Each structure stands twice: as structure tokens, then as C-alpha cells.
Amino acid sequence: MEEVRVRFPPSPTGYLHIGGARTAIYNWLFAQKTAGTLIVRIEDTDAERSTEESVGAILDGLRWLGITWDEGPYFQSAYANDHRQAAQKLLESGHVYKCFCTHEELERKREEARKRKDDYHYDGTCRNRSAEEIGGLEDEGCAYVIRFKVPRGPGGVVFEDAVYGILEKKYRDIEDFVIVRSNGSPLYVLSNAVDDIRDRITHVIRGQDHLANTPKQILIYEALGEKLPRFAHMPLTLDPKKRKISKRAHGEMVAVQYYRQRGFLPWALVNFLVLLGWSTSDDREIFSKDELIDAFSLEGINRANSVFDIRKDDPKFFTDPKAISMNAHYLRTMPLDELLPYVQAELEAAGLWNPSFAGDKKAWFESTVDLIRSRYHTTKDFANLGRPYFADVFPMEEKVLRKNILKHANLKEWLPVMAERLEALAEFTPDSVEQAIRGLATELDVKAGILINGARTAVTGQAAGAGLFDVLAAVGKERVVRRLRQAPSFFEAME
RNA sequence: GGUCCCAUCGUCUAGUGGUCUAGGAUAUCGGCCUCUCACGCCGAAGACACGGGUUCGAGUCCCGUUGGGACUGCCA
């Protein structure tokens, strides 16, 4: 069987965005699945917009997502010669011709057609010029582009797309498209096809927005006498208003980088993204890497575009709720030692990291992370909500303070008493702490909940969290005692 | 305007003529659990765009309408 070779060819005009990442993921999965080769090819022929910085950002994004490639990155600009040679070959074989029509002339014709509400196609003015005519124009120094001589007459280009099935484009609906600019540089339709031929690409998996290019490229393949690859066009990712997502319209919200900064786990993003336009017939949605590679197939790709439910200005979700839910799922279920490096990175960035967390406090650190992770949504939460566990200074939520502490005036005395009892404990474990606090509640004839919630707030500044006894054990005796003793000051501040 | 593609709960989707009084996920709401909040579990609400055919039978096939999208560049 022929070796599968696929490619991901981003144009380096910005950061890697969700749509591009999705394309890369599908190609990567297909390569993994078939033990094939994934090639990264930077399509940088648009010198105006391409930047080196962008190349770095895209590769960086791919690496972060865990998408590995086998060849490249190749740079399209390095192969200009191949493109020119292909054009030359087509010129010699008569599949293309030089067109001397100027921008102005074409624009005028387009405009006229628009006025008549007519469909505009290049009218073929230069298609049938004689060799003498062409020679003459060239001698005069007239600039020309090279156009493809699309077959005229009935029929069309027929091909089978792995996703959309058999598609036909009539010749009459394809104009004599330009393949080389008047400055001699090749256009995407040409260079992309030539590169795919050189790279021996067997499967072109790309966005549905390229569906219209496909017949043209097939014509080029055929004119060059090359074997066609298989095509698979994947549906596009739209925003909630059904517009194609773009860096330009949505800014950072659609950049892979954004999700990294907001505390996404790369695999959670990959898992979410792959589901945007692909599914299995069973009900599985969570896949490990191996499971996903195993389950992936071109047949499972959907035909309809999907909406990436980005939330702008939503207080509750900063992006698609399903993406967040998936991230939270991985956060609380992934092997702890895989999560730890992310937590460490967050704490370091927030200035909360202490080397002992990886040293003599390692066991404590691990069990604490394990304790708190189940209610977190992103790795950012470890540095925000996790602050009371890793630092001495943490925010106290005003509303929570009122509800759990100030509302019960007696806590002003009870909390320090609790501090005393806890301080006296020989060993500070969830069990011993529970005994002490429940015992105190009985003694004071008060519902344990009042002491528990009061203590939680005094110790963490929060109203929610893991079971209190575990929380106290995690925060540690010394800090718990200190924080409980400070409780009266909250009342004083109010007076 | 033209060419092409698409159309199931808010969103992601299962569904390839009968098992669909349409399944799952997420989000929402309610309950259980409980020291709180999550998790988990249980439950509720929520969709086949519309109209015609074909067929004994249509979410599933065909046509039309509507809606959405892509392309329509000497961008990629």
C-alpha cells in the first residue's frame, strides 16, 4: 500500500488560530492513524503579509497542542523555481497562455458585467493570440500574467471528495484563471499544487473554503501529467453569528495562544476541537490520544459547518462552555503527575511557587493539588482560587465574609476557641480536626455547619471548596490557627 | 448577481426508509448526596427550517422554497 503523506500548509500571517489548529489536528490524526507522514509547509509567498514572528507562533502553537510532524517546516518561498518551471512546462505544452490584459481593462469589464448583473469570467481576449502577436507584445515590453487554458465545451471536472462525495464543476463555470502574476511570481493555485506534487502528498485535507480551488488544481495536476491526490474538505468553523472565524474579526479569542494563556490543557483543546465537525457513531466524546487516533476517520467528518460558541462579555464563560467543561474534565481526571507541571507553571507565573513544593513538601503539594483540582476549570484557578493553599495573603470575599462570619456574632469568640483546640491537637489530620470541631459544636450547642462555614471562610476567604476538614489539613495547623485567630478583626473592622 | 456547499435540541452531534413517541454531550432548571461548592447520580425542559412529492411507511430519497456559508483577486 502506498504511504500516506499529508500536509499542513499555514500562511504565516498571524497566530495559529482555532480553524488552522483544527485542520492541523485532522491531518495529524490521519497521518498517525495510517502511519503516514505529516509535512508542515509554510506558505509564505505573500511577502506583504508574511512574518517570521508568525512562523514561530504557528509552530509554537502546534508544539503546544502536541501535534508532531515528520517533515518540515518547508518554506514555499524556497521553491519558487519549481513553480516557475511548472509554469514553463505548461506554457510549452500549451495548457496555459500569456495574457496581456491590464488591471484597468479587466476592472472595467468586471464593472460592466456588474452593472449588467452578469456573471463575469475572463473573456479570453488573449487566449487565441498568435505567436507573432504575443512575440510583438513581449518585444514592446508589455507585462503579462499566465492563465490556464480551461477546456471549453461541455463536461467538467469531476472528482470524489472523501467528505462531500462526488462533485462536478462544469468547465464553463471555471474561468481561465491566473497562475502566475505579471511580476513572475506564482499564485496559490499553482504553487500549492506544485508543492503537493513535489512533496508527494496523497491526501489533501483542508477547509471547505478551498472546495472552489480544487477543480482548478485538478486541471493543473492533469496538465502536468500528475496523479491526483485524494481530497477531503472539512467543514468550516463559524462564530455564533455564523461568520467564518478569523483573526481579524475575533482577535485573540480565536487564537490557540489565548487558550493557552487562559489555562487550557492542550489535550483538552485538541479533544474539543476535533469534535467540531467530526464524531463517531457511538457516544464517546472523551478520547485519550491513542483512542482518538484509533477512532479517527475521514468518513466521520461532518458536512455542515459548525459553530464555535465563543462568548464575548459573558461573565460565566470566557469561551465555548463545552470547551471549558472538557478542560475541567481533564483537569480533575488526568494523572496527577501530568497535571503538576502545569500547576507549577501557573504558580511560578503568579509568584506563588516555592521550590520545596518539588522537594520536601512534594507529597503535601501533590495531595493539595489533588484535593482542590476537582472544582477548577482552568489551570489559572490554581493561582487564583488556590491562593489560600499556597500563600499567606489571599483575598477575602466581602459577601462571603458577611454571610459566613459576620452574620453569626458568636463566631468572634468561637473561632479563636477553635484555634486553640486545633493548636492543641497532637496530630493535624482531617479526622482529628473533624473530631475537634464537631466536639466543639456539641459543647457550644451550635450546628456544626456554622463553625465549619465560618472556619472555611476565615481560612480560605471563600464560600466554596473541598470538605473543610481536608481543607484545614491541607492548609496546615500553623496557618489555620493564625487565620482563625485573626477572625475577630473582621468584626472590629465593621464596628 | 453567478457557481458550489450545507440545514436534527441554544451549542457540538447520533441517525444512511420501519427498532425515532428522535439518542448522547454541553449549557439551563429541579432532586439526591452534603459542612459549602463542585464532582457523581437521578429527573425536567429543549430539535428533525418550510412546502410538495416518491413509498405501505421519510429526520433519512427527490424537487422546490427559505435560511446560512464558501468562492467569485495578478490573497492564501
Side-chain angles (χ1 to χ4, degrees), chain A residues 9-13 43-46 48-50 76 99 101-103 106-107 110 113-114 116-121 143-147 161 164 167-170 172-175 177-183 185-189 191-192 207-213 215 233 235-236 238 240-244 272 275-286 302-309 316-317 320-326 328-329 332-333 372 374-377 400 403-404 434 437-438 441 447-457 462-469 471:
Chain A
S11 55
T13 55
E43 304 214 323
D44 57 347
T45 49
D46 184 356
E48 301 276 299
R49 298 192 301 154
S50 299
Q76 188 167 62
C99 169
C101 297
T102 63
H103 273 298
L106 295 176
E107 198 41 57
R110 248 194 290 271
R114 236 194 311 272
R116 287 197 310 271
K117 294 210 168 211
D118 259 357
D119 183 20
Y120 176 79
H121 274 172
Y144 60 86
V145 298
I146 296 178
R147 285 183 185 274
D161 186 273
Y164 290 92
L167 264 12
E168 176 175 7
K169 181 83 170 178
K170 297 265 192 296
R172 66 162 184 276
D173 292 323
I174 309 175
E175 73 170 340
F177 55 95
V178 178
I179 60 168
V180 178
R181 295 183 180 89
S182 53
N183 69 6
S185 65
L187 250 25
Y188 171 80
V189 270
S191 48
N192 180 264
Q208 195 226 71
D209 46 345
H210 288 288
L211 215 40
N213 285 323
H233 286 89
L236 267 18
L238 274 22
K241 285 180 182 155
K242 301 267 171 85
R243 290 174 310 186
K244 185 173 151 184
F272 169 75
L275 257 18
L276 240 38
W278 172 85
S279 63
T280 54
S281 339
D282 51 38
D283 289 332
R284 283 186 301 163
E285 295 206 318
I286 300 291
N302 214 305
R303 273 171 291 277
N305 292 342
S306 55
V307 172
F308 178 31
D309 197 7
K316 194 158 179 190
F317 303 102
D320 194 312
K322 189 156 183 170
I324 293 178
S325 139
M326 193 150 285
H329 170 87
R332 67 173 176 266
T333 59
I372 62 183
S374 78
R375 49 219 91 203
Y376 290 175
H377 294 110
V400 175
K403 180 179 168 225
N404 285 344
E434 174 160 18
I437 292 180
R438 290 206 188 276
K447 278 202 295 196
I450 293 182
L451 293 183
I452 286 170
N453 288 325
R456 183 197 314 287
T457 300
Q462 296 161 16
L468 179 79
F469 311 120
V471 168

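Throughout, a chain's letter reflects where its sequence line sits, starting with A, and its residues are numbered from 1. All of these numbers come straight from a predicted model, not from anything done at the bench.
The neighbour count for A:R303 CZ, taken as heavy atoms of other residues, nucleotides or ligands under 6.0 Å away, does not exceed 12.
Here the side chain of A:S325 is nearest to one of B:C35, B:A27, B:G10, namely B:A27. Of the candidate nucleotides B:G40, B:C5, B:C35, B:C35 has the atom nearest to the side chain of A:R438. Of the candidates B:C6, B:C12, B:U36, the closest approach to any side-chain atom of A:R303 belongs to B:C6. Across B:C5, B:U26, B:U36, the shortest atom-to-atom separation from the side chain of A:P321 is found for B:U26. Of the candidate nucleotides B:A27, B:C6, B:U11, B:C6 has the atom nearest to the side chain of A:Y164.
Straight-line distance between the P atoms of B:G18 and B:G1: roughly 39 Å, to the nearest whole Å. Here the separation of B:A58 from B:C20, taken at their P atoms, is 16 Å to the nearest Å. Comparing the C1' positions of B:G51 and B:U19 gives an interatomic distance of 29 Å, to the nearest angstrom. Nucleotides B:G23 and B:A14 place their P atoms 15 Å apart, quoted to the nearest Å. Comparing the C1' positions of B:G31 and B:G15 gives a spacing of 32 Å, expressed to the nearest Å. Comparing B:U60 with B:U8, their P atoms sit 12 Å apart, to the nearest whole Å. One P atom belongs to B:C41, the other to B:A47, and the distance between them is 25 Å to the nearest Å. The P atoms of B:U21 and B:G2 are separated by 41 Å, rounded to the nearest whole Å.
Remark: A:K316 is in phosphate contact with B:U28, judged by side-chain N or O atoms under 4.0 Å from OP1 or OP2. When the side-chain nitrogen and oxygen atoms of A:S306 are compared with OP1 and OP2 of B:U13, one or more of them lie within a distance under 4.0 Å.
Using a 4.0 Å heavy-atom criterion, one finds that A:A212 contacts the sugar-phosphate atoms exclusively. Note on A:A304: only backbone sugar-phosphate atoms sit closer than 4.0 angstrom, heavy atoms only; bases stay farther off. Residue A:R456 is in base contact, counting any heavy-atom pair closer than 4.0 Å across all strands shown. In this structure, A:F308 reaches neither bases nor backbone, as no heavy-atom distance under 4.0 Å exists between it and the strands shown. Contact annotation for A:L276: backbone-only contact, meaning every heavy-atom pair under 4.0 Å involves sugar-phosphate atoms and none involves a base. A:K244 comes within contact range of the sugar-phosphate backbone alone, with a heavy-atom separation under 4.0 Å but no base atom that close. Heavy atoms of A:G277 sit under 4.0 angstrom from primed sugar atoms or phosphate atoms, though from no base atom.
To the nearest 0.5 Å, atom CG of residue A:L451 and atom CG of residue A:L468 are 10.0 Å apart. Atom CG of residue A:L276 and atom NZ of residue A:K322 lie 9.5 Å apart, to the nearest 0.5 angstrom.
If you measure from atom NZ of A:K447 to atom P of B:U34, you get 15 Å, rounded to the nearest angstrom. The nearest whole Å value for the distance from the CG atom in A:N305 to the C1' atom in B:C5 is 8 Å. Remark: C1' of B:C4 and CD1 of A:I174 are 11 Å apart, rounded to the nearest angstrom. As a whole-Å value, the separation of A:F469 CZ from B:C35 P is 8 Å. We find that CG of A:N302 is positioned 11 Å from C1' of B:U8, with the value rounded to whole Å. If you take CZ of A:F317 and C1' of B:U26, they are 9 Å apart, rounded to a whole angstrom. Straight-line distance from the NE2 atom of A:H121 to the P atom of B:G2: 12 Å, rounded to whole Å. In this structure, A:R375 places its CZ atom 12 Å from P of B:G40, rounding to the nearest Å.
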Please test A:N404 against A:R456 for side chain to side chain contact (heavy atoms under 4.5 Å, CB included), starting from the C-alpha separation and ending with a verdict.
CA-CA 9 Å; A:N404 285 344; A:R456 183 197 314 287; 5.7 Å; no
For A:E43 and A:S11, what are the C-alpha separation, side-chain angles and deciding distance, and is it a side chain to side chain donor-acceptor pair (under 3.5 Å)?
CA-CA 5 Å; A:E43 304 214 323; A:S11 55; over 6 Å; no
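Counting only distance, with no hydrogens or angles, the side chain of A:T333 and the backbone of A:H329 share a donor-acceptor pair below 3.5 Å. Of the possible donor and acceptor atoms, one in the side chain of A:R181 sits under 3.5 Å from a partner among the backbone N and O of A:P186. Panel note: side chain A:N453, backbone A:G449; a donor-acceptor pair is recorded below 3.5 Å. The backbone N or O of A:D320 lies less than 3.5 Å from no partner atom in the side chain of A:D309, so there is not a single donor-acceptor pair. A donor-acceptor pair is defined here as one N or O able to donate and one able to accept, closer than 3.5 Å; such a pair exists between the side chain of A:N305 and the backbone of A:L236.
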Detail all sub-3.5 Å separations between protein N/O atoms and N/O atoms belonging to nucleotides 20-24 of chain B.
residue	atom	partner	partner atom	Å
B:G24	N2	A:E285	OE2	3.0

Might you list the N or O atoms of the protein lying below 3.5 Å from N or O atoms in nucleotides 73-76 of chain B, with each pair's distance?
residue	atom	partner	partner atom	Å
B:G73	OP2	A:R110	NH1	3.4
B:C74	O2	A:S182	N	3.0
B:C74	O2	A:S182	OG	3.0
B:C74	N3	A:S182	OG	3.0
B:C75	OP2	A:R181	NE	2.4
B:C75	OP2	A:R181	NH2	2.7
B:C75	O3'	A:R181	NH2	3.2
B:C75	O2'	A:D46	OD2	2.7
B:C75	O2	A:R49	NH2	3.4
B:A76	OP1	A:T45	OG1	3.4
B:A76	OP1	A:R181	NH2	2.9
B:A76	OP2	A:Y188	N	3.0
B:A76	O3'	A:E43	OE1	3.4
B:A76	O2'	A:S11	OG	3.2
B:A76	N6	A:N213	OD1	3.4
B:A76	N6	A:N213	ND2	3.2

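Each of A:K170 and A:W278 was assigned the nucleotide of RNA chain B with the nearest heavy atom; the assignment lying further toward the 5' end belongs to A:K170.
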In B/S/- notation (B base, S sugar-phosphate only, - none; protein heavy atoms under 4.0 Å), nucleotides 61-66 of chain B written 5' to 3' is ------
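The ring-ring contact (aromatic ring centres under 6.0 Å, His included) search around A:Y376 returns A:F382, not counting sequence neighbours. Partners of A:R284 by salt bridge (Lys or Arg N to Asp or Glu O under 4.0 Å), not counting sequence neighbours, listed by chain and number: A:D282. Among residues two or more places apart in sequence or in another chain, the ring-ring contact (aromatic ring centres under 6.0 Å, His included) test is passed with A:F469 by none.
The base-pairing partner of B:G1, taking Watson-Crick or G-U wobble contacts with both distances under 3.5 Å, is B:U72. Summarising the base pairing, B:C41 is matched to B:G31 through a Watson-Crick or G-U wobble pair whose two defining distances lie under 3.5 Å. Within the shown strands, B:U66 is the pairing partner of B:A7 under the Watson-Crick or G-U definition, both distances less than 3.5 Å.
Salt bridge A:D209/A:K244: present, at least one basic N to carboxylate O contact under 4.0 Å.
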